[in-house]
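Everything on this sheet refers to the single structure shown next.
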Amino acid sequence: VTRARALAGRVTADAPPAFYLLIVLVVGLALFAPGFATGDNLSNVGRTAAVLALAACGQAVVIITRGLDLSAASTVALMSVVVVLEVDHGVGVAFALGVLAVLAVGALNGLLVARFDIPPFLVTLGTLTLLHGLAALLVSGIPVEAPPGGAFSWPSNGRIGPFSVPLVLAIVGFVVLGVLLRRTTLGRVWFLIGSNPDAARSAGLRVRRATFLAYVVGAAFVAVAGLILTSRVHSGQPDLYPTLAFEAIAACAIGGLSLSGGTGRVSGVLIGVLVVTVSANGLVLLNVSSDVQRIVVGVLTVASVLGTGARDGGFLRSLRRTPAATMTPPYAAGERLP
Amino acid sequence: MRHLGSRGFVRWAGGGVVAPLCLIASITVFSFISAEELQTGNLKGLLGQMSPLAIIALGELVVIITRGFDISVGSVAALSAVVAVLCANAFGAVGLVVAPFVGLACGLVNGVLVGRLRVQPIIATLGMLSLARGLVLLISGNEATVLEGGNPLDTLGYKEWLGLPVSFLLTVALAIAVTVWLARTAAGRRIHMYGSNPEAAELVGVRPSRTLLGAYAITGLFAGIAALVLVGRAGAGLPTEAQGIELAAIAAAVIGGANLGGGVGRPVFVLVGALFIQSLSNGLTLAGTSSFVQEIILGAVLLMAGLADLAVRRVTASRQVKEALL
């Protein structure tokens, strides 16, 4: 019993406030929402969560280095378009080309952020716009259906043993992210870059290379999310999942990752993703209109982040801390004050 | 000290030099493609069309100078527009004056979240984006709210004064106001000081919570003013209005030389940046090209603006090093 209590103590000591929110959500929905606690619904939640989970894993890597990736939505859209256009060469080849396209985007983002010191927000805003235009142009703005076939829908509908493929992919994603962040040098370097880029540079770490790799690895996670999405919609769509990047950022923030970099746990990302997906699912089951859903998700996001701030020392400490607005390493501005 | 050589100009304008160059390039190219491009009617139309974007971009500039950004402006503008039209239908044309106040209220909420409660700007304004868009869809029932009994704002929407669209004159007036406010008032200087170096600003007595509150309030206020122009043009409040305009506004500010690292930005170039974005969509429409090409060009220009900023930083940095050595 003492060991169990110690374990519980350890879990709750550094659980983000969203953890309790999630418990309240699940218990509340199980009691009041008809059809929430059924096997069908929960496996549905799992499948929906998988895409967001993988996108959030990719986002987490970038956020830990004090970066941001807004381009995920256009990236998966481009991937779906590439896959459908190349599907004549075989489903496997098409998916491989789609993944390559996503990795290329990640490399471009990484190059511009790491090599040219352009703020990540600006770089990924640029690629977000550019790639949406490109994806739309490739199919003239009209979604293109993929030919029917079992292989194409396997990543979204297939099963490995008792589990659905998206769920397995998401679990593998979390494990890979956990190993990367905790057990590899690269992962530790990411944390250091995020908490203090100057110190990381002074310590002789290859900051540019690690930052570049963060965007490529982030893109790799997004590529798996895109794989599931493309297979699910069975078509190439320039407007596939326009809010993907923002939902992923929200999930990370809800899970207690600081957007000023340097902190983050895989468990937090998982909790954030589940809060977003479970609340959306619950609101649908409760027949709440999509307008109210938007309002609730917006409030939940801000509330969870406020909760995290309060846990970390509350107002007094937060007022002492350096400003949260610092998204990019500060550099001397060419502005003279009177 | 003011000897404006080419480097001096670059230092004064900063990354802002990109905007006029882009605008000239865009108008030159399109005047070859389409004969209509350089007709006065088209150019005037351009000035009118860009007004909502330019006004929102001016507000966006203020928060960008504080190292933040506000992605809720599109939703806030739509909310302000619909609420204003509902008020006008209930209380007569006077009701339209609530639009700037709705924007201001949303901006104040953002300002409290970012300034007082230290929520990162992207999370705070992302929350406001969902909240305002959800609210406006809810109260409008996802339908356009039409102004009953004529449009008291058609002056702002379509009329001209001194040969220029009234909405453009309003935009210019607001740009002058922002320029003066940023450069000549204590509050404006505090915005710049905070953006250049938050820690140093705090040490000399700039209160971050107040400065940020003011900055986000202005951004919200400008979204509310832009809502009036939108209502003037449409004669109705559309709940889906201005979706994605926040990204275009940030693009306009950045192409106009605002630096996402904070502390830098000049309103006049932001206007030129907004004009460039509008000329792009306008010109491509005249040329009969799809809107997707516009996105590709805009994305590429954004990345170029980032690179140009890097180049400008190199020029100014080498200059500062020389001055320090002498």
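Letters A, B, ... are given to chains in the order of the sequence lines, protein chains preceding strands, and every chain is numbered from 1.
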Original post:
Any luck finding a side-chain donor-acceptor pair between B:Ser72 and B:Asn110 under 3.5 Å?
Top reply: yes

**Study point:** Stepwise side chain to side chain contact (heavy atoms under 4.5 Å, CB included) test for B:Ile65 and B:His192
**Key:** CA-CA 6 Å; B:Ile65 292 177; B:His192 267 288; 3.8 Å; yes

Whatever's closer than 4.5 Å to a heavy atom in chain A on B:Leu126 counts as side chain

For residues 134-143 of chain A against chain B, heavy atoms under 4.5 Å, the residues are A:Leu134, A:Ala136, A:Leu137, A:Ser140, A:Gly141

For B:Ile123 and A:Thr301, what are the C-alpha separation, side-chain angles and deciding distance, and is it a side chain to side chain contact (heavy atoms under 4.5 Å, CB included)? CA-CA 7 Å; B:Ile123 295 297; A:Thr301 311; 4.0 Å; yes

query = Can we say A:Asp291 and A:Arg294 salt-bridge, meaning some charged N sits less than 4.0 Å from an Asp/Glu carboxylate O?
reply = no

Residues at least two apart in sequence or cross-chain that pass side-chain contact (heavy atoms from CB on, under 4.5 Å) with B:Pro267, listed by chain then number, are B:Leu58, B:Leu61, B:Val178, B:Thr179, B:Leu182

When the 4.5 angstrom heavy-atom criterion is applied to B:Ala124 and chain A, the contacting part is backbone

The interface call for B:Leu135 against chain A, heavy-atom contacts under 4.5 Å, is both

Here the pair of heavy atoms bringing A:Ala60 nearest to A:Val269 is CB-CG2, 3.8 Å

So, the part of A:Leu300 with a heavy atom under 4.5 Å from chain B: the answer is neither

Here the side chain to side chain donor-acceptor pair (under 3.5 Å) pairs for residues 121-131 of chain A, sequence neighbours left out, are A:Asn109-A:Thr127

Heavy-atom nearest pair, A:Cys252 first then A:Ile63, reads CB-CD1, 3.9 Å

Cut-off 4.5 Å, heavy atoms of chain B, and the answer for A:Leu122 is both

So, the part of A:Val299 with a heavy atom under 4.5 Å from chain B: the answer is side chain

Turns out that what part of A:Leu70 lies under 4.5 Å from chain B's heavy atoms comes down to side chain

When the 4.5 angstrom heavy-atom criterion is applied to B:Ile71 and chain A, the contacting part is side chain

Sequence neighbours excluded, the answer for side-chain contact (heavy atoms from CB on, under 4.5 Å) partners of B:Leu238 is B:Ala144, B:Ala234, B:Ala236, B:Glu241

dist A:Leu22:CG -> A:Thr277:OG1 (nearest 0.5 Å) comes out at 9.5 Å

